[in-house]
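First comes the structure, then the notes that go with it.
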Amino acid sequence: MTHKIIELPKFFDDRGNLSFLESNVHIPFKIKRSYLIYDVPGGESRGGHAFKEQQEFIIAISGSFDLIINDGNKDIKYSLNRSYYGVYVPNMLWRHLENFSTNSLCLVVASTYYDANDYIVDFDLFKNIVT
Ligand code: TYD
């Protein structure tokens, strides 16, 4: 399965809206971990690497930012700015986050526990593996 936008269920309500996601139901993997990226200073970029195994789902819970995915050949940009959809990112894709708005909040839902050995941090090495 390749990277793609996944829209979550939404219950629009005069009292406020509600969305949710369930492991293996709305996203195509079992959730082992979630983490947040927040208070990103203007102009900063995060998450420039690929994962050997980790699959993930990335949502702009608040504010906006761009998710850039590279398959070794070209960049694809997703501009995220809603809490009811996100992008599924399979393993072995280079990705980074940039262009964070003030007070933006990024939620990453991951298929693995944290493991530094799962990271590929050298883009040339990544490109050599995938192309
Ligand atoms: P990292 O994924 O390297 O972020 P970035 O690519 O944006 O620099 O994570 C930064 C630090 O946070 C790293 O030293 C390890 C730690 N970390 C954890 O301990 N657990 C986690 O689940 C994550 C995502 C990071």
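Indexing begins at 1, ligand by ligand and atom by atom, following the structure's order.
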Hits for salt bridge (charged side-chain N to carboxylate O under 4.0 Å, His left out) against Asp124, two or more places apart or cross-chain, chain-then-number order -> none
Should we count CG of Asn24 as having more than 12 external heavy atoms under 6.0 Å?
yes
Expected output: side-chain [X] to main-chain [Y] donor-acceptor under 3.5 Å:
X	Y	answer
Lys10	Tyr85	no
Lys127	Gly72	yes
Arg95	Leu67	no
Ser111	Gln55	yes

Nitrogen or oxygen contacts under 3.5 Å, ligand 1 side and protein side:
from: ligand 1; atom 1: 2 (O); to: Tyr119; atom 2: OH; distance (Å): 2.6
from: ligand 1; atom 1: 4 (O); to: Arg46; atom 2: NH2; distance (Å): 3.2
from: ligand 1; atom 1: 6 (O); to: Gly47; atom 2: N; distance (Å): 3.3
from: ligand 1; atom 1: 6 (O); to: His49; atom 2: NE2; distance (Å): 2.9
from: ligand 1; atom 1: 7 (O); to: Arg46; atom 2: NE; distance (Å): 2.8
from: ligand 1; atom 1: 7 (O); to: Arg46; atom 2: NH2; distance (Å): 3.0
from: ligand 1; atom 1: 7 (O); to: Gly47; atom 2: N; distance (Å): 2.8
from: ligand 1; atom 1: 8 (O); to: Arg46; atom 2: NH2; distance (Å): 3.2
from: ligand 1; atom 1: 22 (O); to: Arg33; atom 2: NH1; distance (Å): 2.5

